Asks: 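A single structure is presented below for examination.
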Amino acid sequence: GVPAKKLGPINAWWITGFDGGEKALIGFTTAFADYILMHSSEEYAPIFALMQEKIYMSKIVVEYLQKNPDASYEDLLNKTQTTVPPAGLNFNCFTEDTLLRHAQFVVEQVESYDEAGDSDEQPIIVTPCMRDLIKLAGVT
């Protein structure tokens with residue numbers, strides 16, 4: 001990575017890395033280029049840490065439901081609780097509270113993932129697990 005600042009204005013931000021690899025990445029787009037954030041400055045570390053937690057939770061959900069479309073909410077919860085986050089992050093485990101706290105974000109990422117998918121792919125937003133998560137968390 002290359003340290004940078006004042007790259008904006010930012011036109012869009014996005015998440016990538018839903019391919020089974022360890023990393024989930026935050027990126028953003030300006031009029032000049034696309035950028036991937038490797039580390040945050042000290043000033044933005046708390047915001048970056050919260051985003052990393054949300055992103056990794058989304059990554060777990062998307063990748064798990066890709067392979068297990070018939071999974072129940074309890075199956076997903078077990079998967080999240082037994083997944084060890086990558087080293088170097090400000091958290092060391094996921095809980096049901098983590099999943100429910102970030103449910104709105106997770107659902108929005110699942111919707112975005114489905115929209116970007118091929119027309120022959122079954123959307124994961126309609127899986128029983130996602131319907132239960134939406135109902136439990138009161139997601140709109």
Side-chain angles (χ1 to χ4, degrees):
V2 177
K5 63 181 180 178
K6 297 184 180 183
L7 298 174
I10 295 173
N11 297 333
W13 73 275
W14 36 270
I15 300 168
T16 188
F18 298 102
D19 58 359
E22 185 177 285
K23 289 239 179 214
L25 304 169
I26 302 171
F28 67 93
T29 301
T30 69
F32 304 106
D34 291 333
Y35 303 90
I36 294 176
L37 301 174
M38 303 304 289
H39 301 283
S40 68
S41 66
E42 290 293 320
E43 182 180 358
Y44 292 104
I47 296 168
F48 192 72
L50 179 62
M51 283 305 301
Q52 290 286 27
E53 186 175 85
K54 288 179 176 187
I55 289 168
Y56 277 100
M57 181 58 69
S58 299
K59 180 175 170 53
I60 292 166
V61 170
V62 168
E63 289 178 352
Y64 183 70
L65 293 179
Q66 281 175 325
K67 296 175 185 157
N68 305 284
D70 297 324
S72 68
Y73 174 77
E74 289 75 21
D75 294 334
L76 176 63
L77 188 55
N78 183 53
K79 173 63 177 173
T80 60
Q81 291 172 334
T82 58
T83 298
V84 178
L89 301 178
N90 290 348
F91 53 95
N92 57 10
C93 68
F94 295 109
T95 64
E96 182 174 20
D97 181 56
T98 311
L99 178 59
L100 294 175
R101 187 173 61 247
H102 299 312
Q104 182 74 45
F105 181 84
V106 169
V107 169
E108 289 169 3
Q109 293 309 304
V110 167
E111 288 175 327
S112 178
Y113 178 83
D114 283 345
E115 287 171 9
D118 294 333
S119 59
D120 64 336
E121 288 182 317
Q122 183 69 20
I124 58 178
I125 194 72
V126 299
T127 61
C129 176
M130 285 304 297
R131 282 184 280 185
D132 287 346
L133 175 61
I134 290 167
K135 198 179 310 177
L136 280 168
V139 172
T140 56

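Quantities reported herein were computed from a predicted structural model and do not represent experimental measurements.
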Asks: Given I10 and Y35, is the side-chain contact (heavy atoms from CB on, under 4.5 Å) satisfied, shown in steps?
Replies: CA-CA 10 Å; I10 295 173; Y35 303 90; over 6 Å; no

Asks: Got I134 and T140 here, is their nearest side-chain heavy-atom distance under 4.5 Å?
Replies: no

Asks: Within a strict 4.5 Å, meaning less than it, do heavy atoms of the Y44 and M51 side chains meet?
Replies: no

Asks: Do any N or O atoms from the side chain of D75 and from the backbone of S72 form a donor-acceptor pair under 3.5 angstrom?
Replies: yes

Asks: If you look at every heavy atom in Y73 and C129, which pair is closest and at what distance?
Replies: CA-SG, 3.9 Å

Asks: Provide the closest heavy-atom pair for N11 versus T30 in the form atom of the first, atom of the second, distance.
Replies: ND2-C, 3.3 Å

Asks: State, to 0.1 Å, how close P85 and C93 come at their nearest heavy-atom pair, and which atoms those are.
Replies: CG-N, 3.9 Å

Asks: Verify whether one side chain among T80 and T83 offers a donor that lies under 3.5 Å from an acceptor in the other.
Replies: no

Asks: Please tell me whether Y113 and E121 have a donor and an acceptor in their side chains that are separated by less than 3.5 angstrom.
Replies: no

Asks: Can you name the closest pair of heavy atoms from L76 and L99 and give their distance?
Replies: CD2-CD2, 4.3 Å

Asks: What's the shortest heavy-atom distance between M130 and V107, and which atoms?
Replies: CE-CG2, 3.7 Å

Asks: Please enumerate all residues that pass salt bridge (Lys or Arg N to Asp or Glu O under 4.0 Å) together with D97, with sequence neighbours excluded.
Replies: R101

Asks: Is it true that a side-chain atom of S112 and a backbone atom of Q109 form a donor plus acceptor pair closer than 3.5 Å?
Replies: no

Asks: Between K54 and F105, is NZ or CZ placed under 6.0 angstrom from the six-membered ring centre and within 45° of the ring axis?
Replies: yes

Asks: With a 4.5 Å heavy-atom cut-off, do F32 and L7 have their side chains touching?
Replies: no

Asks: Is there side-chain contact between I124 and V62, with heavy atoms separated by less than 4.5 Å?
Replies: yes

Asks: Do I15 and K59 pass the side-chain contact (heavy atoms from CB on, under 4.5 Å) test, and can you show the C-alpha distance, the side-chain angles, and the key distance before you say yes or no?
Replies: CA-CA 9 Å; I15 300 168; K59 180 175 170 53; over 6 Å; no

